[in-house]
Amino acid sequence: MKLFILWTLFGLSFAQHNPHFRLGRTAIVHLFEWRWVDIAAECERFLGPKGFGGVQISPPNEHIVLGSPWRPWWQRYQPISYKLCSRSGSEDEFKDMITKCNNVGVNIYVDAVINHMCGAAGGEGNHSSCGSWFNTSKKDFPGVPYSSWDFNDSKCKTGSGDIENYSEKHQVRDCRLVSLLDLALQKDYVRGKVAEYMNKLIDLGVAGFRVDACKHMWPGDLENVYGRLHNLNTTWFPSSSRPFIFQEVIDLGGEAISSSEYVHLGRVTEFKYGAKLGTVFRKWHGEKLCYTRNWGEGWGFMPDGNALVFIDNHDNQRGHGAGGSSIITFWDSKLHKMAVGYMLAHPYGVTRVMSSYRWERNFVNGKDENDWMGPPSNSNGSTKPVPINPDQTCGDGWVCEHRWRQITNMVIFRNVVSGQPLSNWWENQSNQVAFGRGDRGFIVFNNDDRDLDVTLNTGLASGTYCDIISGQKEGNRCTGKQIHVDGNSRAHFRISNRDEDPFVAIHAESKL
Ligand code: QV4
Ligand code: CA
């Protein structure tokens, strides 16, 4: 009986940590600023067949529309209402995307912006993505509706009304983040409106949420909102499935609020992961890849079952948020492929791959003056479609890291080795390391300035395997390097530091 009670308590409180991936899938891709019609097509033609577990989408709710043609990407983090028309498309297109993605086993996770509405200087009018009228000086958002009663200003004690000091908990949660009108989430009415929005999405078939700016909301308020959420739609998910919740809290240490305040409510973004792994692959501050022998909790990260991990995100790839300098993005493609490969091979956390668009960077005194630039757009400000080139890469400025062969194949690797422990660790006491995942997969990295030439115990069954980094298995042939594993599980690896991608990965399903 005692055990049963423990089990139910544990089951309830940790239910929102489960991403509800289908068919042994294990990775999320953030299709930043993609249109719903393009995501629907991508689920059917690529993400489903390649085994991706889910997509994090940009905020689907009505947002402010800024300028003509300015339209920064971050306008979508300034809600006007919870109507489902946005820069990514209409409600009908949204519904169609959810159905199509779910039908091919790919989950949709919504970026939920519930801490605030638009900036205080947003003005009056209907410059909004569904045309809802609003007035920021009156704090009037009839599209929800919210009125001045529904905001926190009276609780905020700073002179400016904005957050001025991150070492004071109360102002971080009750004042305005960069002037964004801060919702009074302690009010039953506000909680109800937010939950109504999220429940509409759940009923349409989303699998969960990336909850924006959680550091700026009280855990008790979030607990109340999450408690009001429906179970997932049983057309696609087992009955009693709770929505997957992963909360954005940037905790690099040294602030009043830490990620540990949120881990009982759902997973939390582990920002130390990409910042540290960036430092390691860049070999800054004397870091070496061999020091990652105890990667994960051993590096001071949150417990495995609570973490959502990624190499870069839409903020820190362009200098927004915090801790960006070591972050490895698609701009450093060789290092990016290795770091993403490392993340996907390693058992720690639920993994998210970034999929970006290119913009024209313009550094002035170390700051990118173009960090605001929105997605590839037409002259009227509408977002361009994502065209697929004959070689399967994307055109028109869409980077599509998730389609880079090395990254796609590592997503498959993660599925194949799922549930297997880290095993057969090897290192050269510098920047060459290798590790396996039980008897299902093995990966070798050479981030030194010299060649790697070594025979290692892989844990795999004997046979010839196709390296999924330099190529892949196609039918019965291999377009990349071949690795021969002998009867004792040993294999010889040679990786030049001048290779286009100085790492090799093999797994049970890349066996020829
Ligand atoms: C500016 C000034 C204010 C001033 C105001 C006057 O900074 O001091 O009072 O003008 O009007 C944009 C502008 C910002 C502007 C603000 C309000 O960049 O300069 O304020 O709008 O008009 C994204 C962008 C922000 C953007 C915001 C809203 O990154 O630049 O602000 O959207 O459009 C912290 C948080 C963390 C957050 C991170 C960026 O703890 O939660 O900062 N990350 C998430 C999202 C992020 C998003 C938000 C939160 C806000 O990942 O993309 O911010 O929803 O670390
Ligand atoms: Ca707040």
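All figures in this text were calculated on a predicted structure; none of them were measured in a lab. In listed order, ligands and their atoms are each counted from 1. By convention here, the first residue in the shown sequence is residue 1.
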Lys367 atom NZ, over 12 foreign heavy atoms within 6.0 Å:
yes
Ligand 1 atoms nearer than 4.0 angstrom to some heavy atom of His320 are 24 (C), 25 (C), 29 (O), 30 (O)
So which heavy atom in the protein is nearest atom 1 (C) of ligand 1, and how far is it from that ligand atom?
Val178 O, 4.4 Å
Give the residue, atom name and distance (to 0.1 Å) of the protein heavy atom nearest atom 35 (C) of ligand 1.
His216 NE2, 3.2 Å
Using distance alone, decide if ligand 1 has a nitrogen or oxygen within less than 3.5 Å of any nitrogen or oxygen in Asp315.
yes
Looking at every heavy atom in both Ile28 and Val55, which two are closest together, and how far apart are they?
CG2-C, 4.3 Å
With a 4.0 Å heavy-atom cut-off (strictly under), which part of Arg210 contacts ligand 1: side chain, backbone, both or neither?
side chain
Taking only heavy atoms of Asp162, which atoms of ligand 1 are found under 4.0 Å from at least one of them?
8 (O), 9 (O)
Regarding Lys200 and Glu196, does a basic nitrogen lie under 4.0 Å from an acidic carboxylate oxygen?
no
Any salt bridge linking Glu33 with Lys384? Criterion: basic side-chain nitrogen under 4.0 Å from a carboxylate oxygen.
no
Does ligand 1 have an atom under 4.0 Å from some heavy atom of Trp73?
yes
Candidate list His116, His314, His63, test ring pair (Phe, Tyr, Trp, His ring centres under 6.0 Å), partner Tyr77, passing option:
His314
Side-chain donor/acceptor of Arg282 to backbone N/O of Ile327, under 3.5 Å:
yes
Residue Ile250 vicinity, atoms of ligand 1 by number, heavy atom under 4.0 Å
55 (O)
Distance to the ring centre below 6.0 angstrom and angle to the axis at most 45 degrees; does that hold for Arg361 and Trp331?
yes
Is it true that Glu255 lies under 4.0 Å from ligand 1, counting heavy atoms only?
no
Under a 4.0 angstrom heavy-atom cut-off, which atoms of ligand 1 come close to Ala121?
11 (O)
Candidates Ser160, Ala322, Ser179; heavy atom nearest atom 10 (O) of ligand 1 found on Ser179
Over-ring placement of Arg352 relative to Phe310, 6.0 Å and 45° cut-offs
yes
From Arg176, Met217, Glu248 - option closest to atom 41 (O) of ligand 1 by heavy atom:
Glu248
Arg403 NZ/CZ over Phe46 ring centroid, <6.0 Å and within 45° of normal
yes
Any idea which atoms of ligand 1 are less than 4.0 Å away from a heavy-atom of Ala213?
41 (O)
Show me the pairs that pass ring-ring contact (aromatic ring centres under 6.0 Å, His included) and involve residues 184-210, at least two apart or across chains.
Tyr82-Tyr197
Are any of the side-chain nitrogens in Asp111 or Arg210 under 4.0 Å away from the carboxylate oxygens of its partner?
yes
Using only atom types and a distance under 3.5 Å, with no angle test, would you say the side chain of Asn233 pairs donor to acceptor with the backbone of Leu204?
no
Is Asp153 salt-bridged to Arg176, going by a charged N under 4.0 Å from an acidic O?
yes
Enumerated ligand 1 atoms positioned under 4.0 Å from heavy atoms of His116
50 (C), 54 (O)
With a 6.0 Å cut-off (strictly less than), is the heavy-atom count around CH2 of Trp149, excluding the residue itself, greater than 12?
no
Going by distance only, is there an N or O of Trp74 that falls short of 3.5 Å from an N or O of ligand 1?
yes
Atom 55 (O) of ligand 1: protein heavy atom closer than 4.0 Å?
yes
among protein heavy atoms, the one nearest atom 34 (C) of ligand 1 is Tyr166 OH, 4.0 Å
Plane angle bin for Phe246 and Tyr109 - parallel if under 30°, tilted between 30 and 60°, otherwise perpendicular
perpendicular
Against heavy atoms of Asp212, which atoms of ligand 1 measure under 4.0 Å?
44 (C), 45 (C), 48 (C), 49 (C), 50 (C), 51 (O), 54 (O)
At less than 4.0 angstrom from any non-hydrogen atom of Gly321, what atoms of ligand 1 do you find?
38 (C), 39 (C)
So, is Lys215 polar-close to ligand 1, with some N/O to N/O distance under 3.5 Å?
no
Around the Ca ion (ligand 2), how many protein N, O or S atoms are there at under 3.0 Å?
5
Considering distance alone, does some N or O of Gln75 sit under 3.5 Å from an N or O of ligand 1?
no
Report the nearest protein non-hydrogen atom to atom 28 (C) of ligand 1: residue, atom name, distance rounded to 0.1 Å.
Gln78 NE2, 3.4 Å
Hey, do the aromatic rings of Phe134 and His127 have their centres closer than 6.0 Å?
yes
Cation-pi, Trp73 ring and Arg318 (6.0 angstrom, 45 degrees):
yes
